[in-house]
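Worksheet: one structure, shown below.
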Amino acid sequence: MSSAGASLYLDPQIRDWVLFPITLVMILVGILRHYVTILLNSTPKKATRAAIREQRALLRAQILRASAAKSPLPPSYYKAISSSLWNAFTNGTYLKDGPPKEGAEPVSTPANPFSNPDQMDGMMDGMKKQMVMMVPQMVIMGWINFFFQGFVAIKLPFPLTLGFKSMLQRGVETQDMDVRWVSSLSWYFLNFFGLNGVYRLILGNDNAADSSKDVANSSPFAATGQQGAMQAQDYNKLYKAEKDNLELSEGLYTWAAQDVELRVLRRYGKIPAEAANKR
Amino acid sequence: MVATALERLATWRSRGTRASEQTVKHGLTVLEDGGLKKLGDEAWNFLEQLTLASLDIGRLDIADECLEQLTEGFPGSPRVECLKGLRIEADNKPIEAIRFYEAALQEDDTNAALWKRKIAVLRSLGSQNVSQAVEELTIYLDTFYTDVEAWIELADVYAELNLYSLSLQALSHVLILASQNPFYVLRFAETAYTAGDIPLAHKMFLRVIDMDEPEGSKSNATKRAWWGVKLTAGRLLSSPNTPSESKTQPPSSDHLRLLDELATERLAESYRSTSVTPQGQGRDVILAWLGGRKR
């Protein structure tokens, strides 16, 4: 084993013309795509007043419900707010496009995301970003495969078990070579996953240069699909569900000031404290 | 020198302290020493703070200078637009300011800061514009429900117009949104008292006391609440069938008597100790009144 290792001699030229260029090109491409992504970032579309109102109407009911068990509100005030919200949800007052028309067919399926220009924009944006991620990686890999196929680029300074062979010697199909030798293609993959720390050092924490992220969501539709679903929420349905919750909370409602006089009197010892335990 | 000034300004900025004169004083030392460059990105926040403070104390020259830099740095930013509107307001041209805000809101009708400024100017214009201010404010709150300050403002406007039940409704939203703040509860109680809903006011005053620390009620809200309890208990005892718009059940008369006694006790104690109030005639009057009312 040791004799085989000694017999293999790595030309320093390989270090200068293969190892360093691959690393350098990958770093530079990472930095480049960070800035291209920033350029491609379109300003987020502003929601209209009606859309904000639609989203936040649910929040109103949730806030009210959260306080129901020990509500700071006197009963009549609680009921007033609760029932006004209930009515608003029934009539669809808060819906972005106004209350649904009488007898109109309720839309059961969410609309096709491609038909809505707002969402189309979002999809295009995501695709553009994905392109910036994918294209350089494909180009670099092609470049390495074309020029440096089968190159052994570096020898690791520590021994490794045979299991690492497929990881470190991609593109060099030899049975007997020591696992410590790393092929050029494997060096590319190591950089691909390992350069994130370097990018963070150069570009700061919140950078778009890391390429291993887009392995996770490699499909351009994966990210935008979720977003589209979020946008296409059927608020009318959510309101209907919230109505039930409101009714439920009305049953739970107690006023925090229900027995407040007893609590205060007890605290200052005006009436015996035992009564508190009995209750 | 600059370092301490900057540090102080930063804490005021994060806490929203309105120490305008001090802010301008410190801000000027920073500007003179050329500390703006050292600040980096913080410089913009600093400039915004200084603009607001100098507008507050009427140093329009400083405000103009800051605004110029901010406009250069962020042309068309809504935050700078808001400052520009304030600058117009500082010139005492409310109509123009409203027009400015309306134009800015046309561009982006979801900008809460600009919208609130417009409402504030409308309100300040006087009684003939109050209805418009109320209308705008209700639309605003319908969109941005969680804005406690705006709800308080609405309650305030209604109270000014003697529409106390509407004011109470606005305050009820404040109570859900910020249920831990005893001052809001106190305000609710006082508004209920003014509206004539004595049982409700009584309950709410008690709630303020209930919210305070068990021992050593030092908060001013609590003292005011004891006064409220004393007044309402007296009213409820003398006329037990006081109508209540909210149909609140007052405590039983036994308990009311005890509460009245307790309130008198607490108040007398808090005024008797000289550390709370300085020596004065007012104190004697209060103690005499409390003593006279004692049954």
Side-chain angles (χ1 to χ4, degrees), chain A residues 43-85 88 93-94 96 204 249 253 255-273 275, chain B residues 105 107-112 115 139-140 142-146 168-169 171-181 184-185 188 192 197 199-200 202-212 214-215 217 229 233 244-252 254-256 258-259 261-263 265-266:
Chain A
T43 47
K45 252 198 139 88
K46 285 230 167 68
T48 58
R49 212 179 255 186
I52 292 180
R53 187 162 163 257
E54 185 185 60
Q55 277 168 22
R56 300 205 175 174
L58 278 178
L59 187 71
R60 302 170 67 147
Q62 279 157 10
I63 293 172
L64 183 71
R65 281 196 290 117
S67 69
K70 226 162 181 35
S71 175
L73 293 184
S76 57
Y77 288 87
Y78 182 90
K79 292 249 163 61
I81 296 175
S82 179
S83 63
S84 77
L85 277 174
T93 319
Y94 289 116
K96 189 167 56 184
S249 313
Y253 167 83
W255 187 18
Q258 196 58 53
D259 303 319
V260 69
E261 68 269 9
L262 301 179
R263 279 205 296 280
V264 170
L265 285 173
R266 254 177 231 133
R267 185 203 279 184
Y268 290 98
K270 286 287 171 187
I271 54 173
Chain B
L105 280 171
E107 296 257 311
D108 170 21
D109 63 356
T110 54
N111 190 322
W115 200 352
I139 301 173
Y140 170 81
D142 201 29
T143 314
F144 299 103
Y145 177 73
T146 44
L168 274 181
Q169 280 174 22
L171 281 173
S172 68
H173 289 281
V174 173
L175 286 192
I176 329 177
L177 288 169
S179 47
Q180 301 91 348
N181 191 329
Y184 297 154
V185 184
F188 190 96
D197 197 338
L200 178 63
H202 183 71
K203 283 278 197 180
M204 285 318 236
F205 278 127
L206 284 172
R207 178 101 184 89
V208 179
I209 295 162
D210 191 31
M211 283 166 89
D212 200 16
E215 283 311 313
S217 48
V229 170
S244 164
E245 204 188 320
S246 60
K247 301 196 176 55
T248 311
Q249 282 296 318
S252 66
D254 290 349
H255 284 154
L256 275 176
L258 281 172
L259 281 167
E261 207 174 279
L262 180 62
E265 227 168 71
R266 302 300 310 169

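All values below come from the heavy atoms of this structure, side chains included, with hydrogens, waters and symmetry mates left out. Proteins come first, then strands; the chains are lettered A, B, ... in the order of their sequence lines, and each starts at number 1. Everything numeric in this text was worked out from a predicted model, so none of it was measured.
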Going from [atom1] on [X] to [atom2] on [Y], what distance comes out if it is rounded to the nearest 0.5 angstrom?
| X | Y | atom1 | atom2 | value |
| --- | --- | --- | --- | --- |
| A:R49 | B:F144 | CZ | CZ | 7.5 Å |
| A:R266 | B:D210 | CZ | CG | 11.0 Å |
| B:I139 | A:R53 | CD1 | CZ | 9.0 Å |
| A:S76 | B:L168 | OG | CG | 9.5 Å |
| B:L206 | A:D259 | CG | CG | 11.5 Å |
| B:T110 | A:I52 | OG1 | CD1 | 4.5 Å |

Determine the minimum heavy-atom distance between [X] and [Y], stating which atoms define it.
| X | Y | value |
| --- | --- | --- |
| A:Q258 | B:K203 | O-NZ, 2.7 Å |
| B:D212 | A:R267 | O-NH2, 3.3 Å |
| A:P74 | B:M204 | CD-CE, 4.2 Å |

Would you say the side chain of [Y] lies within less than 4.5 Å of the side chain of [X], judging by non-hydrogen atoms?
| X | Y | result |
| --- | --- | --- |
| A:I81 | B:I176 | yes |
| B:L175 | A:Y77 | no |
| A:R56 | B:T143 | no |

Among B:L258, B:V185, B:V229, B:T146, which has the most heavy-atom pairs under 4.5 Å with chain A?
->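 Top option by heavy-atom pairs under 4.5 Å: B:L258.
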
Could you go through the salt bridge (Lys or Arg N to Asp or Glu O under 4.0 Å) check for A:R60 and B:D142 one step at a time?
-> CA-CA 10 Å; A:R60 302 170 67 147; B:D142 201 29; 2.8 Å; yes

Where does B:T248 contact chain A at under 4.5 Å (heavy atoms): side chain, backbone, both or neither?
-> side chain

Proximal component of A:Y94, with respect to chain B [non-hydrogen, under 4.5 Å] | side chain

Determine which residues belonging to residues 62-71 of chain A lie within contact range of chain B, meaning some heavy atom pair is under 4.5 Å apart, and list them by number or answer 'none'.
->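 A:I63, A:L64, A:S67 fall under the 4.5 Å cut-off.
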
Got a sec, which residues hit ring-ring contact (aromatic ring centres under 6.0 Å, His included) with B:Y145, two or more places apart in sequence or on another chain?
-> B:W151, B:H173

